[in-house]
Amino acid sequence: MLLRRVYKQHRWVTSHVKLLSTQKPSIDLKVDSDGVAILNLQRPPVNSFNLDFLKEMSHTLDFVEKNKITAMILTSAFPKVFSAGLDIKEIYKPDAVRFKEFWSTLQEVWMKLFGASFITAAAINGQSPAGGCLMAMSCEYRVMTKGNFTIGMNETSLGLVAPSWFMELIKNTINQREAEYAFTTSRMFTPEEALKVRLIDEIATDKDDAIAKCKIFIKKFDEITPASRINTKMKLREPLIKKLQNTRQEDTEEIYELFVRPETQRTLQMYMQKIK
């Protein structure tokens, strides 16, 4: 009955969003028979995060938290891409006011996902550069499907410098030497390479297998007191969250000034022309 109530609540939330917008929601959230929320990113064509998508993500994380759902698996509705990262249109010739709202919302989403009280896992079923990698790394467990896919931080190849909290997160996940090499060279890891440096925890045959492996991880907590798990998780993660909380405005201003530099905009313009 609880699951049915949660599902009905979600259906109401989705319907309410549709009344406010004629567009299809960019997120599909369902609570399955195991009580696990499966969050499918589904913004065409490659799940790139723009302001509206991030706002929807923020509201969805609030919904999972508020309804005390035990665990959530983050994945993609598309067969070859998990997320292409930040929407290039938000950082190419940006409007200052919109950009600062966009960046503030990204910070907010990361803090909610990284600091979630519920168990989080990522079923990475395709390409996952930059912001896609960020979202996956924010989860407690990562399973990536095998194939011609890569994951990593490729900002420098676009003439960008990742913000310090991106860097802190990857250093929190893999060792500092690997993180430095990856950031400076824009290295993208194959599933096998990512597993070797512990950027991911397992490799799966396909999306269903990835979700199944995530559920095995989630099942490990059945015998652990929830309060003990949450408090331990937060003791480990709070320092990174508080560091960003204390520097949000400074971080936003710094990244805006970096993105509007003429040389950065020229690189982004060339990239825009290339992907057309």
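By convention here, the first residue in the shown sequence is residue 1.
Between Lys215 and Asp32 there is a side-chain heavy-atom pair separated by less than 4.5 Å. Contact of the Pro94 side chain with the Val260 side chain is registered, since non-hydrogen atoms from C-beta on lie closer than 4.5 Å. Counting heavy atoms from C-beta outward, Glu263 and Arg266 have side chains that approach closer than 4.5 Å. Contact annotation: the side chain of Phe217 never approaches that of Lys213 to less than 4.5 Å [non-hydrogen atoms, C-beta and beyond]. With a 4.5 Å cut-off on side-chain heavy atoms, Phe114 and Leu169 count as touching. Looking at Met111 and Arg248, their side chains come closer than 4.5 Å, going by heavy atoms from C-beta outward. Counting heavy atoms from C-beta outward, Arg187 and Glu178 have side chains that approach closer than 4.5 Å. Using a 4.5 Å heavy-atom threshold, the side chains of Ile170 and Asn172 count as separate.
Side-chain N/O atoms of Thr75 and Asn125 include a donor and acceptor closer than 3.5 Å. Remark: the Gln127 side chain and the Thr150 side chain contain an N/O donor-acceptor pair separated by less than 3.5 Å. Side-chain atoms of Asn47 and Gln42 include no donor-acceptor pair closer than 3.5 Å. Side-chain contact of Lys112 with Ser58: a donor-acceptor pair under 3.5 Å is present, judged by distance alone. Between the side chains of Asn50 and Lys55, no donor-acceptor pair is found at a separation under 3.5 Å.
Between Trp103 and Phe259, the two ring planes are perpendicular [angle over 60°; tilted spans 30° to 60°].
More than 12 heavy atoms of other residues, nucleotides or ligands lie within 6.0 Å of OH in Tyr256, so this atom counts as buried by the packing criterion. The number of heavy atoms from other shown groups lying within 6.0 Å of CD (Gln269) is above 12. In Asn148, the CG atom is not crowded: 12 or fewer heavy atoms of neighbouring residues, nucleotides or ligands sit closer than 6.0 Å. The local environment of NZ in Lys146 is sparse, with at most 12 non-hydrogen atoms from other residues, nucleotides or ligands closer than 6.0 Å.
When every heavy atom of Ser117 is checked against every heavy atom of Ile230, the shortest pair comes out as O-CG1, 3.4 Å. Across every non-hydrogen atom of Lys207 and Ser76, the tightest pair is NZ-O, 2.8 Å.
Interatomic distance, OG of Ser138 versus CG of Leu74, reported as 9.0 Å (0.5 Å rounding). Note that CD1 of Ile119 and CZ of Arg229 are 4.5 Å apart. Values are rounded to the nearest 0.5 Å. To the nearest 0.5 Å, the span separating CH2 on Trp110 from CG on Leu240 amounts to 5.0 Å. Once rounded to the nearest 0.5 Å, the distance linking OH of Tyr141 with CD1 of Ile218 reads 11.0 Å.
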Walk me through whether Leu54 and Glu101 qualify under side chain to side chain contact (heavy atoms under 4.5 Å, CB included).
CA-CA 10 Å; Leu54 287 171; Glu101 183 184 5; over 6 Å; no
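In this structure, Arg198 contributes its side chain and Asn175 its backbone to no donor-acceptor pair below 3.5 Å. A distance-only check finds no donor-acceptor pair linking the side chain of Asp28 to the backbone of Asn40 [under 3.5 Å]. Without hydrogens or angle criteria, Glu155 side chain to Phe183 main chain gives no donor-acceptor distance under 3.5 Å.
Every ring pair (Phe, Tyr, Trp, His ring centres under 6.0 Å) that Phe53 has, sequence neighbours left out, goes to Phe49.
In this structure, Lys80 forms no cation-pi arrangement with Phe149, as its terminal cationic atom is not both closer than 6.0 Å to the ring centre and no more than 45° off the ring axis.
Hydrophobic clustering of Ile, Leu, Val, Met, Phe, Trp and Tyr side chains at less than 4.5 Å, counting indirect connections, keeps Met188 apart from Ile203.
For the side-chain hydrogen bond (donor to acceptor under 3.5 Å, both in side chains) test with Arg43, the passing option among Ser48, Ser83, Ser26 is Ser48; the others fail.
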